[in-house]
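Small disclaimer: the values here were computed from a predicted structure and weren't measured. We count ligands from 1, going down the list as the structure has it; atoms in each ligand are counted the same way.
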Amino acid sequence: MTLTRTTSKGSPESAPRAPKLHVVTFGCQMNKYDSLLAEGRFKRQGYATTEDMGDADVVLFNTCSVREHAEERTFSWLGELKRAKEKNPGLVIGVMGCMAQRIGEEIFARAGHVDLVAGTRQFANLPQLVDRVREAREKRGGADKGTRVLALEMNDAVAVDRDDEPWDGGLHAYLTVMRGCDLNCTYCIVPAVRGRVLSYGIDKLVHEAEWFVSRGAKVITLLGQTVNSYGEDCAPPLPGEARGRGRQGRPSLADLIYRLQDVRGLERIRLITLHPSYVTEALAEALRDCSKAERYLPIPAQSGSDAILRAMKRGYTTDLYKKRMEILRSRVPDLELASDWIAGFCGETDADHAASEALMAEQGFVTNYIFKYDPRPTTHAAEHLTDDVPEDVKKERNQRLLALAERVGLERHGRHVGSVRDVFVESVSDRTEGGLVGRTQHGLMTSFRGAPELVGTVARVQIEGATAFGLSASLATSAPTC
Ligand code: SF4
């Protein structure tokens, strides 16, 4: 694409300038990762990225469908761009991600100035899809009608080949190890919008991790909807082939962690999000054996009531959940757990809610993410279960869980006070002058005073205080306490 720029003196300058891309990302870390991949694809095609939406030739929205308000926020942003499109008809506006996959053509109906709607497994094709919009416009002499492109196919081969892509994402990188989900929790829209599980090969992932590290990353978060089901969709090895630690010799998350432990320059391996059904002894042993793996696991329980877990089709009982946590804690006694909770799911009684409080307190989750139940269209729960818990009861249960989470979080963080920990320093504090912020190997946010040069290194600190959400410390020289 060649654009003509006007110099400050007003004379036209014919040197081509790189077309500019601006991406707006909503939702989870997986979307952030996909946005980076999409940016990389465009950069390979000669685009530059811009922070200024008004300066962009292509604006992409990477969207979320998990809650209704996330979709409405996207529509409100799209509405803002209508005037920009009128002023600059050459602008290409695209919507990608979960909302694009979920409602597809409806986006064109509600926002007629959108040119492109691309599903969750289309990011690799985005530059070509934008070219198709432009080609269609050219054929129609610039007219905007009939130039829309809709691409929702769930490709199985979502190529991730980034060797030539520039990346300057800093100390922390996200690495999607698998896409989609093979479970069918009744409230969840993910299987519908992200498709069935697709795991990437271990060699490819290690290569990508090395690529991140060679460009400065020191912490890598392994991402997946059920990250510990990694490899379940792979074929078992043939006779004579290397066997993994997964079912019937399949590759598993444990294998990947062991491989990443050997990546020189990598300091920390973080995991998001695990499912209790895929907790194995091999995973627990990998966490025990690999010093780079954080001792912090988000493993959503969602409810402490077996009746509600059944209605959610979570695939486990509270008893099984506890047994799985026991497998982990028996190998890694200082493990910290985080959980998501849904307050007021269909049919939830006071006793069911009390069971959730009991499980939260008993397991001692250091971090809890609590949501009021909000039915999402097309899910099994929205279509077949009755959303029968009154709004005020949902709110009250939500508040009670939040209050308990604060007490439990404070107690768990408090256990670290007095210990000496190695903290990976992530940034200077934007709240305290002279302050730094990092995480212990237990994934706990820790603030302390220190020189900015410590950012990107591991600092040894003495933990001195705790809140429900983090730790405060000072630099130390003594050996870490286990
Ligand atoms: S495990 Fe359940 S909640 Fe998580 S992504 Fe899969 S279907 Fe959704």
Should we count CD of Glu72 as having more than 12 external heavy atoms under 6.0 Å?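 Enclosed: over 12 neighbouring heavy atoms sit under 6.0 Å from CD of Glu72.
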Would you call the rings of His384 and His380 parallel, tilted or perpendicular, where under 30° means parallel and over 60° means perpendicular? tilted
Measuring from atom CZ of Arg295 to atom CD of Glu336, what distance do you get when rounded to the nearest 0.5 angstrom?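 Separation between the atoms: 12.0 Å.
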Kindly state whether the ring of Tyr47 and the ring of Phe42 have centres lying under 6.0 angstrom apart. yes
How close does the nearest protein non-hydrogen atom get to atom 2 (Fe) of ligand 1, and which residue and atom is it? Cys185 SG, 2.3 Å
Considering only protein heavy atoms, which is closest to atom 3 (S) of ligand 1, and at what distance to one decimal place?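 Among all protein heavy atoms, the one nearest atom 3 (S) of ligand 1 is Tyr187 OH, 3.4 Å.
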Residue [X] vicinity, atoms of ligand 1 by number, heavy atom under 4.0 Å:
| X | answer |
| --- | --- |
| Val190 | 5 (S) |
| Cys188 | 3 (S), 5 (S), 7 (S), 8 (Fe) |
| His275 | 1 (S) |

Does ligand 1 have a heavy atom under 4.0 Å from the side chain of Pro191, from its backbone, from both, or from neither? side chain
Within reach of ligand 1, part of Thr226 (heavy-atom separation under 4.0 Å): side chain
Quick one: does Arg314 get a heavy atom under 4.0 Å from ligand 1?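 A heavy atom of Arg314 does come that close to ligand 1.
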From atom 2 (Fe) of ligand 1 out to just under 2.8 Å, does an N/O/S atom of Cys181 turn up? no
Do [X] and [Y] meet the criterion of a side-chain donor-acceptor pair at a distance under 3.5 Å?
| X | Y | answer |
| --- | --- | --- |
| Ser35 | Asn62 | yes |
| His172 | Thr221 | yes |
| Tyr321 | Arg314 | no |

